[in-house]
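Okay, structure first, notes after.
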Amino acid sequence: MNGRATFHFQIPVYFGGGAAVAGPKEGQGPMGPFFDLIYDSLQSAEDSWEKTETAMQRDALAKLLEKAALTDGSVDLLLGGDLINQLTVTNFAAVERDIPFLGLYNACATMAEGLLLASSLIGAGFIADAAVVASSHNATSERQFRFPTELGNQRPSWSQWTVTAAGAALLTNRPGPVRLISGTVGRVVDYGVKDANDMGAAMAPAAADTILRHLRAEKASPADYDLILTGDLGRRGRRLLLALLEKELADVDERFQDCGVWMFKENQDVYAGGSGAGCSASVWSGYLPRAMIRGQYRRVLLVGTGALLSAVSVGQGASIPAIAHAVELRTEGKEAR
Amino acid sequence: MWLDFFWAFVIGGGLCALAQVAMDKTPFFVSSAHILVAVVLFGEVLGFFGLYHHLIRLAGMGAAVPLCGFGNSLIEGVFAAMGRDGLLGVLTGGLSAGAAGLDAVIIIGFFSAIFLKPKG
Amino acid sequence: MNDPLKESMRASLEAARKKEYASLIEETKEPVPLAKNVLLAFVVGGAICLLGQVFYVLLTMAGLADKTCVTLSLLILIFLGSVLTGLGYYDRLGKIAGAGSIVPISGFANSVVAPALEWRTEGIVAGLAAKLFTLAGPVIVFGVTGSALLGLIKYIWLALTGGAL
C-alpha cells in the first residue's frame with residue numbers, strides 16, 4: 001500500500017520560473033531579498049484586506065509571466081488557491097487572466113497540491129505549461145479563523161503567525177535547470193489535536209506520514225536529499241516532526257528545514273514561526289529555485305502541510321485533521337544518486 | 001487621597017491578576033470573551049452576597065473599572081428595582097443600572113469604527 | 001488487508017501511536033510564563049484603574065456628585081479604549097498585559113470596537129453594527145441573565161423566609 005499515489009512524471013517536468021510578493025513584515029525577514037515585490041502595508045491601495053491579498057496574487061502572476069516572457073495564451077492552465085472562504089481571493093485574481101483555471105483548497109498545503117497536480121498533468125502529456133499560485137494574508141486569515149486583528153488578547157507561544165505573501169510558479173515541459181521528478185499525494189491524518197493555536201502539532205503527523213511514504217516509494221533515505229523542506233510547521237511542528245521520524249529513520253537532522261522557520265528572524269515576534277498558504281508558496285517560488293540553480297541544493301523534497309480546520313469545526317470542538325503533499329525536485333546534469 | 005490611589009492600583013491590579021491566573025491555568029485556550037463573561041459573573045455573585053460594595057468603598061475606581069464592577073452594578077440595580085417594583089424589578093433593574101456604560105460603549109464604539117480603520 | 005485480525009491490530013497500533021503523540025505534544029509544550037503574565041496583568045490592570053481613580057478625583061474636585069464622577073471616569077476609559085483600538089495600539093497592549101487590559105472597562109470597549117472595525121468593509125448595518133457585539137454580546141447576555149436569576153433567587157428566598165425586599 002505504500003507505493004500508492006507516488007507519481008513519477010513520465011514526460012519530464014521543469015521549473016520554468018517563479019515570482020513572490022510579500023507583506024512588510026515578511027519583507028524584513030531573511031527571505032526578503034528573494035521577493036519580487038514587497039508591499040509596504042497590510043492594506044495596499046485596495047479598500048479591504050481581501051482585495052489586497054487578491055492584488056498580491058495578481059502581482060505575483062503578472063511578475064511570473066513577465067519574467068518567463070509568456071502571455072496568457074501560452075499558459076495552458078492556472079491552478080491556485082488561498083485560505084479564504086470559497087477561494088474568493090484566488091477567483092478574483094484568476095478573473096483577470098485569460099487562462100483556464102482550477103481552484104484548489106488544501107489549506108496551507110495548497111501550493112504543494114498545485115505543484116503536484118500541475119506536474120502530473122504535464123508529466124502525463126495533457127498540457128505543456130501551467131502556472132500555480134497560492135497566497136495567505138495575516139489579517140484576512142485572523143478574522144476568518146480567529147479574532148478581529150485589533151482585539152487585545154494573548155496567544156500562546158506555540159501559536160503561529162499567518163504569513164502575508166503570494167507565490168506563483170511556472171511548470172513546463174521545456175527543459176530547464178530544475179526538474180520535478182515525482183510527487184506523493186498525502187493522506188488526511190488526524191492525531192486528535194484540538195488546540196487551534198497548536199497547528200504545528202496538528203500537521204507534523206501528516207508530514208511524517210507523507211515523508212515516510214515518499215521515501216519508501218523512492219527507496220531513499222533522508223541522507224539522499226540535500227534538503228527536505230516542509231511548508232509551515234514552525235519551530236514547534238518541526239521539532240515534533242523530527243521526533244516522529246527519529247523512530248523510523250536514520251539521518252533525521254539539519255537537512256529537515258521549514259519555510260515557517262525560515263520566513264522570519266528570531267526577533268520578529270511571530271511565536272513559533274510563520275504559517276499560511278503563502279508561506280511555502282513564496283519560499284518555493286522566490287527563494288528555493290534560485291538556491292537550487294546556484295547549486296546550493298541538488299535533490300530536494302518539498303512537503304506542503306495543511307491544517308484542515310474551519311472556524312466552525314473548531315467552534316464545535318472537532319479535532320484538526322491535516323494533510324501533507326510531497327514533490328521531489330532535482331537539478332539537471334549530475335544525478336544525485 | 002494618596003491611600004485611595006494605592007488601593008485603586010492594588011485592588012484593580014489584583015482583580016486583573018486573578019483573571020490572568022484563571023486564563024493561564026485553564027487547560028484549554030480561553031478567549032477574552034470567556035474571561036469577560038467569567039469576570040462579570042464573579043462580580044454578580046460577590047454583589048449578590050453584598051460583598052462587592054466593600055471592595056468599592058476600599059478601592060474606589062479600582063473596583064469599579066474592572067468588569068466585575070459592571071456585574072455588581074447590574075445585580076445592585078436588580079435589587080434596588082425589586083425594592084420598588086417587586087418581582088418585576090428582576091427584569092427592569094439590571095440594564096437600567098448598567099445603561100450609562102453600555103450606551104457609551106455602543107455609541108463610542110460605533111463612531112470609532114466609522115472614523116477609524118483596523119491596522120492589522 | 002481485509003484480514004479482521006490484522007485490521008484490529010492496526011487499529012490498536014494506531015490508537016497507541018495517537019496516545020503516545022498526545023503525551024509528546026503535552027511534554028514539549030513550552031510552559032506558560034505564569035509569574036511574568038500575572039505580574040504584567042497586575043501592573044497594567046492596576047495602572048488603568050489608577051488612571052480611572054485620577055479622573056475620579058479630578059472630577060470630584062470640579063464639584064460633581066460622587067456617582068456622576070464614577071460614571072464619567074468610566075466613560076473616559078471607554079473612550080480611550082475605543083480610540084486606542086481604532087489607532088491599532090490596544091491589541092499590542094493586550095499582547096503584553098493579557099487580562100490586565102482585557103478585564104478593565106477599556107478592554108470591554110476594545111472587544112466592541114475590534115469586530116466593528118474589522119467588519120466595517122461589509123457595510124455599516126450588516127457589517128459594523130451587526131458584528132459590534134460578537135465578543136461583547138456574551139458578556140451582556142450572561143450579565144443580564146445572571147443578575148435576573150440571582151434576583152429571582154433572592155425573591156424566592158425572601159418569600160420563603162418572610163423577609164422584606
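Everything quoted here is computed from the prediction, not taken from an experiment. Letters go in sequence order (proteins before strands), and every chain restarts at 1.
Interface remark: Ser157(A) contributes side-chain atoms only to the contact with chain C (heavy atom separation under 4.5 Å). Looking at Ala97(C), the atoms closer than 4.5 Å to chain A (heavy atoms on both sides) all sit in the backbone: N, CA, C or O. Both the backbone and the side chain of Ala201(A) come within contact range of chain C, each with at least one heavy atom under 4.5 Å from a heavy atom of that chain.
Checked for salt-bridge contact, Arg17(C) and Glu20(C) miss the test: no charged N lies under 4.0 Å from a carboxylate O. A salt bridge is defined here as a Lys NZ or Arg NE, NH1 or NH2 lying under 4.0 Å from an Asp or Glu carboxylate O, and Arg92(C) with Glu150(A) fails to meet this definition. Residues Glu27(C) and Arg239(A) are not paired through a salt bridge, judged by the lack of any N-O separation under 4.0 Å between the basic side chain and the carboxylate.
By number of non-hydrogen pairs under 4.5 angstrom with chain A, the leading residue of Lys18(C), Lys29(C), Glu30(C) is Lys29(C). Ranked by heavy-atom pairs under 4.5 Å with chain A, the list Thr85(C), Leu117(C), Leu84(C) is led by Thr85(C). Of the listed residues (Asn153(A), Asp47(A), Asp195(A)), the greatest number of heavy-atom pairs within a distance under 4.5 Å of chain C belongs to Asn153(A).
The two residues Asp82(A) and Gln57(A) make their nearest non-hydrogen contact at CB-NE2, 4.0 Å.
In this structure, a donor-acceptor pair under 3.5 Å is present between the side chains of Arg236(A) and Thr28(C).
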